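The structure appears below as structure tokens.
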Amino acid sequence: MTNEAEMQSNFIYQMILKDVEAGKHGGRVHTRFPPEPNGYLHIGHAKAALLNYNLARQFDGKFNLRFDDTNPIAEEEEYVESIIEDLRWLGVDWEDRLFFTSDYFETKFAFAKRLIEAGQAYVCDLSPDEIREYRGTLTEPGTPSPFRDRSVDENLALFERMQKGEFPDGARVLRAKIDMTSGNLNLRDPVLYRILHAEHHRTGDAWCIYPMYDFDHPFTDALEGITHSLCSIEYSDHRPLYDWVVENAVKLMPDVVKARSEQTEFARLNMSHMVLSKRKLRRLVEEGHVSGWDDPRMPTISGLRRRGVTPDAIADFQDRVGVARADSLVDLRMFLFSIRNDLEATALRKMVVLEPLKVVITNWPEGEVEWVELENIPRDESAGMRTAPFSGEVYIEREDFMEDPPKKFHRLSPGDEIRLKGAYAIHCHDVIKDDEGNVVELHCTYDPKTRSGNDTSGRKIRGVAHWVSAPHAVEVDVRLYDTLFVEQDPETVGEDLRDVLNPESLMTLTRVPAEPSISALTPGSRVQFMRKGYFFLDPEEDHGDGLIFNRIVPLKDTWAKIKKKQSQ
RNA sequence: UGGGGUGUGGCCAAGCGGUAAGGCAACGGCCUUUGGAGCCGUCAUCCCAGGUUCGAAUCCUGGCGCCCCAGCCA
């Protein structure tokens, strides 16, 4: 589905192409994906990871996975593992280049000292509150720290004492000496190192000072030889600082720097009916609105995986969405299209009746069973055929019968007929109701002349329904998932998630009849329940005595649309 | 005149001075033993106002809208 022309039209591809042609970075392309191990990856991260990975591949370059673990307070090993698992599942390949930014703490410390020696950095004793005050505001310039003009020797000594653990958290920081009057707040002497007496998931207690992102990231890019450092738009303001760090690294650490890395920003992914901020996703989990980070309704990679979405569908979706700098809110239906498009060609068809209505075929020979043939995937002969038992008692969907049908209802109603897929046409004669008037059973007759593939009736039968033979039915449980949010842009609708949560995001159906061949499915299979949707046999669930299917996405429902129009 | 970014159809998104790609959605039709899939068709003058030019979505000027930035988070 990846169209060359489409890929090449994105502005980053074109920029890199230009760079390569100009021989920049010696013609090399080296990208990276730098997640912070403080949460689970979601569909938005997949965009960034795939973009970086694909660009490297397209230019025959390299791709690194690098964990941005400069903040020991937030980061945990658990997240490292889940992120690696998710990226592998997505098909992203970093070969042997798995790095942690903490791998280079020693080199970074040395670089910081060079900066001090070059008069480019100083130790500042201001408290966090004071630093904020001195920084000024968006419209007023900042004022220089009283510690800004300390001597190199004093700075060096203090910085080393910081590193030795002589000061408590927050007592001092190392700051870059740039410009307290800049309109760009990031250049008002940004903090480079802070004191944090915290256990780091990789380095333990080896360090009590940790570099800040703005210092660490550009330097690490340069160390790893990253040529094109892609990040999201909110870092645009940081680019001058990124360049400052890289330039200084080139100047002061020429022996270890492998590239004059450059940052390019692109817009992050937003999708309708979804919330993608780490904070809100966390709240969904913590407030119990979902069963966990991998709840099939979550936009996390692990959630999508459990839902049954394939990596191919995600990649196809990213290709279709493209990459640009403008803010956007992608319609969920675009994602649903990629999911259906992917499954349409590969999912075996099964018949499962989600809301059963019993049909007794009154003229069917007592006790007789006929095994009918059905295509596994229409128009794909290589997928082969299967058989399903047909008998005198079958289930059909309740919604495939209406006592008093509206126009265009090409299904079953009293006095009318419908074809049972792959079997016979049945004609409805009697409607059996309970005391409250609910339809509980239909009495129909079948027409032997309408046998599928061999219809000699001469009649044109409009409607086709799926069905399951009652005595042969295998009972399965089904989870029907819908969007977590009813709002198209829940991200902007305030804080109380309950106001926008979809109360019907999960509907569980228990022990619904399915055709017997469904038992042969292996966990992790994706199938189409004919006329209903694509479903995933959840391998994570304990099946116990029965199968549990997650609905990945429903099929398009043209009848629902017609019905809606009729009611308007 | 704090700094940065961005504005092309309902939603994404090409376009790079030569007369608006493509996808999703929608709508109409064909086809169909999944009202699925498939096929055919319909659907924009490019935030606004000036200007430059034979010619502007593309260049210039001036507006307007929206997003981001005042963590010792990333």
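Within every chain, numbering begins at 1; the chains are lettered A, B, ... in the order of the sequence lines, protein sequences first and strands thereafter. Please read all numbers here as calculations on a predicted model, not as lab measurements.
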Just call it for A:Arg268: base, sugar-phosphate, or nothing, with non-hydrogen atoms closer than 4.0 Å on any strand.
nothing
Using the side-chain heavy atoms of A:His410, tell me which of these nucleotides is nearest: B:A25, B:U33, B:G35.
B:G35
Nucleotide nearest A:Arg320 (side chain, heavy atoms from C-beta), chosen from B:U34, B:C24, B:G4:
B:C24
With a 3.5 Å cut-off and no angle check, do the side chains of A:Asp69 and A:Ser102 form a donor-acceptor pair?
yes
Are A:Arg379 and B:G38 close enough that a side-chain N or O sits under 4.0 Å from OP1 or OP2?
no
Just call it for A:Arg349: base, sugar-phosphate, or nothing, with non-hydrogen atoms closer than 4.0 Å on any strand.
base
Just how far, in rounded Å, is P of B:U34 from CD of A:Glu399?
17 Å
Can you identify which nucleotide, out of B:U33, B:G35, B:U34, has its nearest atom closest to the A:Arg411 side chain?
B:G35
N/O donor-acceptor pair, side chain A:Arg325 with base B:U6, under 3.5 angstrom:
no
Judged by modelled atom types alone, do A:Glu344 and A:Tyr534 share a side-chain donor-acceptor pair under 3.5 Å?
yes
If only atom types and distance count, is the side chain of A:Trp207 paired as donor or acceptor with the main-chain N or O of A:Gln163 below 3.5 Å?
no
Please determine, by modelled atom types, if A:His217 and A:Asp68 share a side-chain donor-acceptor pair under 3.5 angstrom.
yes
Between the base of B:G35 and the side chain of A:Arg462, is there any donor-acceptor pair under 3.5 Å?
no
Tell me if B:G71 is syn or anti. Syn = glycosidic torsion within 90° of 0, anti otherwise.
syn
As a test of reading the structure: which of B:G35, B:C16, B:U33 is closest to the side chain of A:Arg419, going by heavy atoms?
B:U33
From B:C27, B:G2, B:G35, nucleotide with atom closest to A:Lys565 side chain:
B:C27
Nearest-Å distance, NZ (A:Lys561) to C1' (B:G28)?
12 Å
Minimum-distance nucleotide (side-chain atoms of A:Ala324 versus B:U34, B:A13, B:C11)
B:A13
Without hydrogens or angle criteria, can the side chains of A:Asn184 and A:Ser182 be said to hold a donor-acceptor pair below 3.5 Å?
no
Go through the N and O atoms of the side chain of A:Glu344 and the base of B:G36, and report whether any donor-acceptor pair is under 3.5 Å.
yes
Protein proximity profile, nucleotides 67-74 of chain B - base contact B, sugar-phosphate-only contact S, no contact -, cut-off 4.0 Å on heavy atoms
SBBBSBSB
